[in-house]
Amino acid sequence: VKVKIPFGNKYLDAIFSVPEKKPIYGVILTHGAGGDMNFPHLVSLAAYLASHGVLCLRFTCKGLNVAYRTKAFKAVVEYLKLSDEYKLSGVFLAGRSMGSRAAASVIRQLSQGDDDEGFIQGLVCLSYPLHRPKLQSKLRDEDLLLIRCPVLFVSGSADEMCEKQVLESVVSKMKVPKKIHWIDKANHGMAVKGRTANDVMEEINTQVFSWLRENVQLQHK
């Protein structure tokens with residue numbers, strides 16, 4: 001279902017992947033610095049989640065400024081929260097690369113206010129760009145360290161923007177339930193020599209879904 005989401009004086013293009021049964025939970029998903037919501041990994045993940053009962057709203061926001069992307073992501077969260085059509089108990093924010101930075105930033109900002117009410121259940125970071133290639137001295141970890149909800153990282157073990165030991169060190173400082181799933185030998189674009197893109201996406205999709213399911217159960221015990 002295609003929708004236009006109001007954002008300032010313009011609209012963001014977005015698509016709902018809707019499960020057959022009435023969903024209780026949703027995932028808001030966005031793309032990295034290049035591309036848009038039709039990036040194959042996002043399309044694949046959205047279809048997988050919807051087929052397993054999770055509503056998925058993916059949106060396009062062009063713009064290479066993280067602050068701008070964060071504002072756009074916030075507008076999408078508000079839109080879904082106030083939606084009459086989908087009354088959700090909670091959502092997970094998810095993004096690929098730069099989109100995951102925007103998602104982390106939204107969660108940090110909302111958790112500092114009192115308006116969070118537990119609507120946001122967790123964060124999924126696909127290929128989180130922790131640093132620029134070969135620039136491990138400048139980490140983009142400030143939002144991660146202040147987040148107060150569960151976080152899943154799915155990263156390639158050969159990601160040139162997320163050195164394995166560096167991410168593990170940052171994650172060890174986070175004070176929330178967190179998990180890293182390494183895609184063996186994958187680069188930042190999740191390409192792995194000798195494996196098809198579909199095969200890699202299937203691994204990512206099943207990991208994301210099983211983590212969502214665990215976290216929904218944890219919060220309802």
Side-chain angles (χ1 to χ4, degrees), residues 1-7 11-31 36-61 72-96 99-100 102-104 106-107 110-111 115-126 147-154 176-179 181 183 190 197-221:
V1 182
K2 287 186 176 176
V3 287
K4 296 266 187 197
I5 297 178
F7 174 46
Y11 289 88
L12 298 168
D13 287 316
I15 294 180
F16 275 108
S17 300
V18 186
E20 283 175 21
K21 285 201 194 118
K22 203 169 165 47
I24 303 171
Y25 289 95
V27 170
I28 300 175
L29 186 56
T30 194
H31 55 91
D36 56 23
M37 64 184 174
N38 295 318
F39 187 73
H41 291 196
L42 304 193
V43 176
S44 169
L45 179 57
Y48 186 90
L49 292 175
S51 71
H52 288 77
V54 178
L55 179 77
C56 192
L57 172 58
R58 63 184 204 275
F59 71 95
T60 294
C61 174
F73 212 129
K74 255 188 181 160
V76 179
V77 173
E78 276 307 299
Y79 171 85
L80 190 53
K81 197 173 182 178
L82 301 172
S83 156
D84 288 330
E85 201 168 340
Y86 307 107
K87 296 266 186 254
L88 298 176
S89 304
V91 297
F92 291 85
L93 303 193
R96 206 198 98 68
S100 63
V106 171
I107 289 181
L110 292 179
S111 70
D115 57 354
D116 185 25
E117 305 140 25
F119 183 63
I120 293 180
Q121 306 271 315
L123 168 66
V124 178
C125 296
L126 307 173
I147 283 174
R148 301 183 196 163
C149 63
V151 184
L152 169 69
F153 293 92
V154 179
V176 290
K178 64 264 177 174
K179 179 180 178 188
H181 178 76
I183 305 283
M190 291 292 183
N198 285 350
D199 183 39
V200 174
M201 285 191 300
E202 196 171 319
E203 181 180 342
I204 295 170
N205 296 347
T206 50
Q207 282 296 326
V208 170
F209 177 68
S210 66
W211 180 84
L212 295 179
R213 205 173 45 193
E214 274 164 36
N215 279 284
V216 166
Q217 284 169 349
L218 289 176
Q219 280 152 354
H220 289 264
K221 276 181 180 162

Where at least one partner belongs to residues 38-50, residue pairs that pass side chain to side chain donor-acceptor pair (under 3.5 Å), sequence neighbours excluded: Asn38-Arg58, Ser44-Asn205
Distance in Å, Gln121 CD paired with Leu212 CG, rounded so as to fall on 0.5 Å steps: 10.0 Å
4.5 Å side-chain heavy-atom contact, Val54 and Ile24: no
ring-ring contact (aromatic ring centres under 6.0 Å, His included) partners of Phe153, counting only residues at least two apart: none
Separation between CG of Leu55 and NZ of Lys21, rounded to the nearest 0.5 Å: 15.0 Å
Spatial distance of atom CZ (Phe119) from atom CG (Leu93) [nearest 0.5 Å]: 9.0 Å
Minimum-distance pair of heavy atoms, taken over all atoms of Phe7 and Ala75: CD1-CB, 3.8 Å
Residue pairs passing the salt bridge (charged side-chain N to carboxylate O under 4.0 Å, His left out) test where at least one lies in residues 82-93, sequence neighbours excluded: Asp84-Lys87
Pairwise distance CG(Asn215) to CG(Leu123) - rounded to 0.5 angstrom: 11.0 Å
For the student: nearest non-hydrogen atoms of Cys61 and Ala72, plus distance: SG-CB, 3.5 Å
Step-by-step side-chain contact (heavy atoms from CB on, under 4.5 Å) determination, Asn198 to Met201: CA-CA 5 Å; Asn198 285 350; Met201 285 191 300; 3.6 Å; yes
Test log, rule side-chain contact (heavy atoms from CB on, under 4.5 Å), inputs Leu110 and Ile120: CA-CA 9 Å; Leu110 292 179; Ile120 293 180; 3.3 Å; yes
Point-to-point distance, once rounded to the nearest 0.5 Å, from CZ of Arg96 to CG of Leu126: 7.5 Å
Contacts of Tyr86 that satisfy ring-ring contact (aromatic ring centres under 6.0 Å, His included) - sequence neighbours left out: Phe16
Interatomic spacing from CD1 in Ile28 to NZ in Lys81 - rounded to 0.5 Å: 10.5 Å
Heavy-atom check, side chain of Leu80 versus side chain of Ile5, under 4.5 Å: no
Set of residues satisfying salt bridge (Lys or Arg N to Asp or Glu O under 4.0 Å) with respect to Asp13, sequence neighbours excluded: Lys4
Considering all heavy atoms, the nearest Glu203-Thr206 contact: O-OG1, 3.1 Å
Side chain proximity check, Leu57 to Val27, heavy atoms < 4.5 angstrom: no
Trace of the side-chain contact (heavy atoms from CB on, under 4.5 Å) decision for Val91 with Tyr25: CA-CA 6 Å; Val91 297; Tyr25 289 95; over 6 Å; no
Check: Met190 and Ile204 side chains under 4.5 Å, non-hydrogen atoms: yes
Side chains of Ile107 and Cys149 in contact at under 4.5 Å (non-hydrogen atoms): yes
CG (Leu88) with more than 12 external heavy atoms under 6.0 Å: yes
His31 and Leu42, any side-chain heavy atoms less than 4.5 Å apart: yes
Exercise: identify the closest heavy-atom pair between Pro6 and Tyr79: CD-CD1, 4.1 Å
Lys179: side chain to side chain donor-acceptor pair (under 3.5 Å) partners, not counting sequence neighbours: Gln207
Close side-chain approach of Pro150 to Val176, heavy-atom, < 4.5 Å: no
Non-hydrogen atoms of Val43 and Met37 that approach each other most closely: CG2-O, 4.0 Å
Leu49 to Cys56 - nearest heavy-atom pair and separation: CD1-SG, 4.3 Å
Min side-chain heavy-atom separation Phe59-Asp36 under 4.5 Å: no
Test log, rule side-chain contact (heavy atoms from CB on, under 4.5 Å), inputs Ile183 and His181: CA-CA 7 Å; Ile183 305 283; His181 178 76; 3.7 Å; yes
